[in-house]
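So you know, we letter chains A, B, ... as the sequences are listed, proteins then strands, and number each from 1. As a basis for the values below, the full set of heavy atoms in this structure was taken, side chains included, without hydrogen atoms, waters or symmetry mates. Keep in mind it's a predicted model, so treat the numbers as computed, not measured.
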Protein chains: 2
Amino acid sequence: MALGGEDRQAAARDKILRACWELAREHGLSGFTMRQIAAAVGVRAPSLYTYFTSKHAIYDAMFAEGNAAFRDAVLAVPSSANRREQLRAAAAAFVRFCVADPVRFQLLFQRTLPGFQPSPRSYAPAVEALEAMRAAFAHVGITRPDHLDLWTALVTGLASQQLANDPAGDRWIRLTDAAADMFVALLDQAGAGRTEPGAEDL
Amino acid sequence: MALGGEDRQAAARDKILRACWELAREHGLSGFTMRQIAAAVGVRAPSLYTYFTSKHAIYDAMFAEGNAAFRDAVLAVPSSANRREQLRAAAAAFVRFCVADPVRFQLLFQRTLPGFQPSPRSYAPAVEALEAMRAAFAHVGITRPDHLDLWTALVTGLASQQLANDPAGDRWIRLTDAAADMFVALLDQAGAGRTEPGAEDL
DNA sequence: GTCTATATTTGGATAGAC
DNA sequence: GTCTATCCAAATATAGAC
């Protein structure tokens, strides 16, 4: 194998994936074809099979890439000792991440791609992202799993409604602070400060 | 035209639509074909075009039907003078409606069907449903549009997370009461009772 | 109103030359 | 590794007989 052969492979795979994201944004997550991908990168369709064994494998790689970006976005949220500030920043970052790329949101969080199941390999970044969220929440004293679940429902709901019903506007985006504050109020009421919560009702 | 000709047409259309819902639940919203529909109702594919001009027209009819069911579900929520009880019931009814038919949820609220745009005719029931929600909220003193938007984000988020991440369980379903209570707390804090709210921040 | 037959297009994927 | 050529299957939709 020539020097840099693996790098060339990786670069080609990357070029293909970037073309796929662009095509997906233009034609929908399931609205682009192997021939279109090939045309976008300047080869013929069969050549793609040198780099990906199937179209499913391409979706799988996109899923991994999207989740890695999500994990990075979670890690990039500035950490604050103030719970309200921290959650406002987290909510804003999450909604921004989702709205920035609706197709990515659909692939990562809505799972509406018919028949698609990510491989364990591609699911790993998603686990890392969730762990990062868990750690950030623990940092401001939120440790109950059901609280985290309620949070993810709240912020994915904001993003989903924004994208589905006001894709060009900010009708739900501008509710992120209010949503975070509402959530904080629940915590303050349930937890009575910052003590470790017990088994009381959510 | 023979007596009952229109009834026969309507009955045939209805039979086709019921087959479509069943196929969609089995194979996904975009995972069934005209031939499969035809086989399910006992005719050949071309015969379907007597009742629907295209597959898009079928989706359009499904969209209208789903929204009519949603409107009816909203109207069926028992009315309570107690705000908290009312919202708990509304949240539970909404999530139940969504989880009962994931494909319907996807068609009505997620809008991920590539290229699908409902006709004005089919959109009408959706407007009626939203108006019913607005009226129910007004009944317990909630009149601000942004409050209604936050509510829809909250409950669609619960349904979406439930379907995407725990389709066989109840991990988010069991958070509906807590979500409703959290929302009520926001109202009680923002509105200071039941007086007509002004322009204060959400 | 339903059928057979088929037009037309398109999809993912493979064979084998170079 | 890339290509041409093609397989094979399937899709929506239409034409025209009955």
Side-chain angles (χ1 to χ4, degrees), chain A residues 1-21 23-24 26-63 103 107 112-119, chain B residues 1-20 22-24 26-63 107 112-117 119:
Chain A
M1 181 177 299
L3 274 175
E6 288 178 12
D7 282 356
R8 274 186 60 86
Q9 269 266 348
R13 281 175 60 100
D14 198 62
K15 185 177 180 184
I16 291 168
L17 288 180
R18 272 182 283 114
C20 287
W21 282 113
L23 285 166
E26 187 176 359
H27 301 108
L29 194 50
S30 57
F32 61 98
T33 70
M34 297 298 279
R35 287 171 170 81
Q36 287 177 301
I37 302 166
V41 300
V43 298
R44 302 291 181 168
S47 303
L48 297 174
Y49 290 86
T50 300
Y51 305 99
F52 294 96
T53 63
S54 67
K55 195 183 182 186
H56 184 98
I58 292 179
Y59 283 128
D60 201 51
M62 292 172 76
F63 183 83
V103 161
L107 178 62
T112 55
L113 195 57
F116 173 70
Q117 280 289 86
S119 64
Chain B
M1 183 179 297
L3 273 175
E6 290 177 11
D7 283 356
R8 274 188 59 87
Q9 268 267 347
R13 283 176 58 100
D14 198 62
K15 185 176 180 184
I16 291 168
L17 287 180
R18 271 182 282 116
C20 287
E22 192 169 323
L23 285 166
E26 187 176 358
H27 301 108
L29 194 50
S30 56
F32 61 98
T33 71
M34 297 298 278
R35 291 177 215 277
Q36 287 176 301
I37 303 165
V41 300
V43 298
R44 302 291 182 169
S47 303
L48 298 174
Y49 291 86
T50 301
Y51 304 100
F52 294 95
T53 63
S54 67
K55 196 183 182 186
H56 183 99
I58 292 179
Y59 283 128
D60 201 51
M62 292 171 77
F63 183 83
L107 178 62
T112 55
L113 195 58
F116 173 70
Q117 280 288 83
S119 64

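C/dA13 atom P lies 10 Å from atom CD1 of A/I37, rounded to whole Å. Across the protein-nucleic acid pair, B/Y49 atom OH and D/dG16 atom C1' stand 17 Å apart, rounded to whole Å. Rounded to a whole Å, the CZ atom of B/R44 is 9 Å from the C1' atom of C/dT4. If you take CG of B/L48 and C1' of C/dT2, they are 11 Å apart, rounded to a whole angstrom. Rounded to whole Å, atom C1' of C/dT10 lies 16 Å from atom CZ of A/F32. Taking atom CZ on B/F52 and atom P on D/dT14, their separation rounds to 16 Å, with Å as the unit.
One finds a side-chain N or O of A/Q9 lying less than 4.0 angstrom from the OP1 or OP2 phosphate oxygen of D/dG1.
The side chain of B/K55 lies closest to D/dT12 when the candidates are D/dC3, D/dT12, C/dG12. The side chain of A/R35 sits closest to C/dA13 out of D/dG1, C/dA13, D/dA11. Of the candidates C/dC3, C/dG12, D/dT12, C/dG12 carries the atom nearest the A/T33 side chain, counting heavy atoms from C-beta on. Side-chain proximity of B/P46 to the nucleotides C/dT2, D/dA15, D/dC3 is greatest for D/dA15. Nearest nucleotide to the side chain of B/T50, out of C/dG1, C/dT14, C/dT4: C/dG1. Distances were taken from every side-chain heavy atom of B/M34 (C-beta onward) to each of C/dA13, D/dT12, C/dT4; the shortest belongs to D/dT12.
With contacts defined as side-chain heavy-atom distances shorter than 4.5 Å, the pair B/T33/B/H27 does not qualify. You'll find the side chain of A/M34 reaches within 4.5 Å of the side chain of A/Y49, heavy atoms only.
Counting only distance, with no hydrogens or angles, the side chain of B/Y59 and the backbone of B/L29 share a donor-acceptor pair below 3.5 Å. No donor-acceptor distance shorter than 3.5 angstrom exists from the side chain of B/R35 to the backbone of B/A45, with no hydrogens or angles considered. With hydrogens and angles disregarded, no donor-acceptor distance shorter than 3.5 Å links the side chain of B/E22 to the backbone of B/A19.
At a threshold of 4.0 angstrom between heavy atoms, the contacts of A/Y51 are confined to the sugar-phosphate backbone, with no base atom among them.
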